[in-house]
Protein chains: 2
Amino acid sequence: MKPTEEIIRRLSNYRRVLYKLKSLGFIKVFSDNLGDALGISPTQVRKDFSLFKITGKKKGGYEVEVILERLNTILGKDVIQNVIVVGCGKMGSALMNYNGFASEGMRVVAGFDADPSLVDPEARIPIYGLEDLSKISQQFDVKVAIMTVPESRAPQLIDSLNEAGIKGILNFAPIELKSRNDCLIHNISILLELENMIYFVNNLDDKIVI
Amino acid sequence: MKPTEEIIRRLSNYRRVLYKLKSLGFIKVFSDNLGDALGISPTQVRKDFSLFKITGKKKGGYEVEVILERLNTILGKDVIQNVIVVGCGKMGSALMNYNGFASEGMRVVAGFDADPSLVDPEARIPIYGLEDLSKISQQFDVKVAIMTVPESRAPQLIDSLNEAGIKGILNFAPIELKSRNDCLIHNISILLELENMIYFVNNLDDKIVI
DNA sequence: TAGATTGTTAATCGATTAACAATC
DNA sequence: TAGATTGTTAATCGATTAACAATC
């Protein structure tokens with residue numbers, strides 16, 4: 001069985017919770033603990049672990065340190081993951097300067113923008129023109145890009161990103177881009193999320209189904 | 001059957017595609033058209049429509065104008081939906097000034113921040129201290145909040161938001177907050193999304209399962 | 001009419017959960 | 001030992017898809 005996106009999402013959450021438990025002094029955890037913390041069944045925790053050959057001891061549970069090491073390897077935390085930000089408007093620059101990346105083993109190595117007035121190769125995180133996409137991406141072995149450009153620019157940019165060797169795009173434009181064979185795309189649409197919540201909030205009488 | 005989050009997400013996407021088709025001159029569409037555009041089966045389109053009593057004509061398909069009107073009603077587009085932004089740091093202010101809300105029938109009526117130096121009730125979109133949450137939320141009948149605060153502040157803020165009558169929270173802090181009975185929470189975690197993509201990009205040999 | 005498309009029922013598929021033997 | 005917990009198999013559940021009668 002191949003891991004699905006949902007399973008990997010849960011692995012990230014196990015990892016996050018395990019660090020919290022570790023800081024509380026936990027040496028070992030049971031599938032029950034993790035299930036409670038994530039609001040899922042202990043069986044699912046065990047099943048997920050089983051898929052990745054993460055084993056525990058009957059009655060003894062799982063060793064926090066051991067699972068964490070395994071999870072870090074699976075999620076690529078043993079190497080710094082370089083990413084770029086394409087589109088350095090308000091949203092893009094807010095993301096570039098977000099300081100949560102480092103502690104998650106990620107680094108924004110550069111920004112890119114079509115607007116020459118935003119280009120600044122001397123900045124702490126340099127900003128280049130789009131013509132430098134391939135050069136910089138190859139130099140830093142970048143595989144993943146955050147895309148914060150206007151909706152109209154998004155579709156054509158995908159081709160440039162692919163040519164530059166980008167395999168994963170986190171798209172913030174309010175347009176649902178479909179993954180291709182050669183490129184995984186995740187869409188984060190604030191408008192869509194709000195619209196979704198607004199529906200359920202406006203229909204609270206209907207029991208919320210999540 | 002109650003609509004799930006996924007179904008509402010698809011309704012949003014039908015709506016988006018339908019506006020595009022309308023601008024291309026389409027008067028009617030078939031479930032095939034919509035399925036193709038969204039990469040889903042025509043059966044699913046018909047099933048979704050059926051759930052909301054959106055009907056078409058055998059052989060004649062669906063009338064674009066009619067479905068759009070229905071979808072707009074379902075998704076609350078017939079009334080302006082007021083939202084607030086809690087936490088006016090870089091991310092929060094980038095969101096407040098994002099100009100995609102208006103065309104989707106949403107309006108950011110105010111921002112809130114614990115830091116008094118950010119408070120500015122005279123700004124185009126006024127920024128208040130947290131003590132004004134209830135007053136302003138009630139004044140503008142706000143039910144949904146965008147939360148862009150540091151992780152450490154997030155949990156306690158939920159209580160304040162609930163007291164202010166907020167029923168839905170779009171959380172940007174990198175902490176997976178669980179929905180409660182009285183409050184729907186959607187988490188948007190850039191780090192989690194990146195981590196997820198990084199996994200699949202680093203394991204491209206394993207066929208991607210989406 | 002013949003062909004195409006809806007609306008719905010039944011079948012399939014995949015993901016979650018229950019159950020339980022193994023065993024610490 | 002008795003009780004608790006893992007690891008896995010079988011059962012369940014829900015969502016998607018196939019099939020098809022109705023009909024335009």
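Values below: every heavy atom of this structure, side chains too, minus hydrogens, waters and symmetry copies.
- Set against dT17(C), dT16(D), dT8(C), the side chain of Gln44(B) has dT16(D) as its closest nucleotide.
- dG7(D) atom P lies 13 Å from atom CG of Asp48(A), rounded to whole Å.
- A straight line from CZ of Arg9(A) to P of dT16(C) spans 13 Å, rounded to a whole angstrom.
- In this structure, the CD atom of Glu63(A) is 15 Å from the P atom of dC24(C), given to the nearest Å.
- Arg9(B) and Glu195(A) are not joined by a salt bridge, as no carboxylate oxygen comes within less than 4.0 angstrom of a charged side-chain nitrogen.
- One can place CD of Glu6(B) at 17 Å from P of dG14(C), the figure rounded to the nearest angstrom.
- If you measure from atom CZ of Phe49(A) to atom C1' of dT8(D), you get 16 Å, rounded to the nearest angstrom.
- Taking the side chain of Thr4(B) as heavy atoms from C-beta on, and the options dA15(D), dG3(D), dT6(D), the nearest nucleotide is dA15(D).
- Ile40(A) places its CD1 atom 15 Å from the P atom of dA15(C), with the value rounded to the nearest Å.
- Donor-acceptor pairing under 3.5 Å is recorded for the side chains of Asn13(B) and Arg16(B).
- Across the strands present, dT17(C) finds its partner in dA10(D); the criterion is a Watson-Crick or G-U wobble pair with both atom distances under 3.5 angstrom.
- Contact of Lys58(B) with dT6(C) (side chain to base): a donor-acceptor pair of N or O atoms is detected under 3.5 Å.
- Residue-to-nucleotide proximity on DNA chain C shows that, of Arg46(A) and Arg10(A), the 5′-proximal contact is made by Arg10(A).
- Among the atoms of the strands shown, only primed sugar atoms or phosphate atoms (P, OP1, OP2) are found under 4.0 Å from some heavy atom of Tyr62(B).
- Summarising the geometry, the separation between CG on Leu51(A) and P on dG14(C) is reported as 15 Å, rounded to the nearest angstrom.
- Thr43(A) comes within 4.0 angstrom of a base, heavy atoms only.
- Around CD of Glu69(A), the count of heavy atoms belonging to other residues, nucleotides or ligands within 6.0 Å does not exceed 12.
- Contact annotation: Ser50(A) side-chain N/O to dG7(D) OP1/OP2 distance is not under 4.0 Å.
- In this structure, Ser41(A) reaches the dT17(C) phosphate: one of its side-chain N or O atoms is under 4.0 Å from OP1 or OP2.
- Nucleotide dC24(D) is matched to dG3(C) when pairs are restricted to Watson-Crick or G-U wobble geometry with both distances under 3.5 angstrom.
- Within a 6.0 Å radius of CZ in Arg153(A), no more than 12 heavy atoms belonging to other residues, nucleotides or ligands are found.
- The two residues Gly87(A) and Thr148(A) have their closest heavy-atom pair at O-OG1, 2.7 Å.
- Screening Val108(B), Leu133(B), Ile125(B) for a side chain to side chain contact (heavy atoms under 4.5 Å, CB included) with Ile84(B), the sole residue that qualifies is Leu133(B).
- Heavy-atom nearest nucleotides on DNA chain C were determined for Ile7(A) and for Lys59(A), and the one closer to the 5' end corresponds to Ile7(A).
- Here the C1' atom of nucleotide dG7(C) and the NZ atom of Lys47(B) are 10 Å apart, to the nearest Å.
- Across all strands, Gly60(A) comes closer than 4.0 Å to no nucleic acid atom at all (heavy-atom distances).
- Distances from the side chain of Phe30(A) to the nucleotides dT5(D), dT17(C), dG7(C) place dT5(D) closest.
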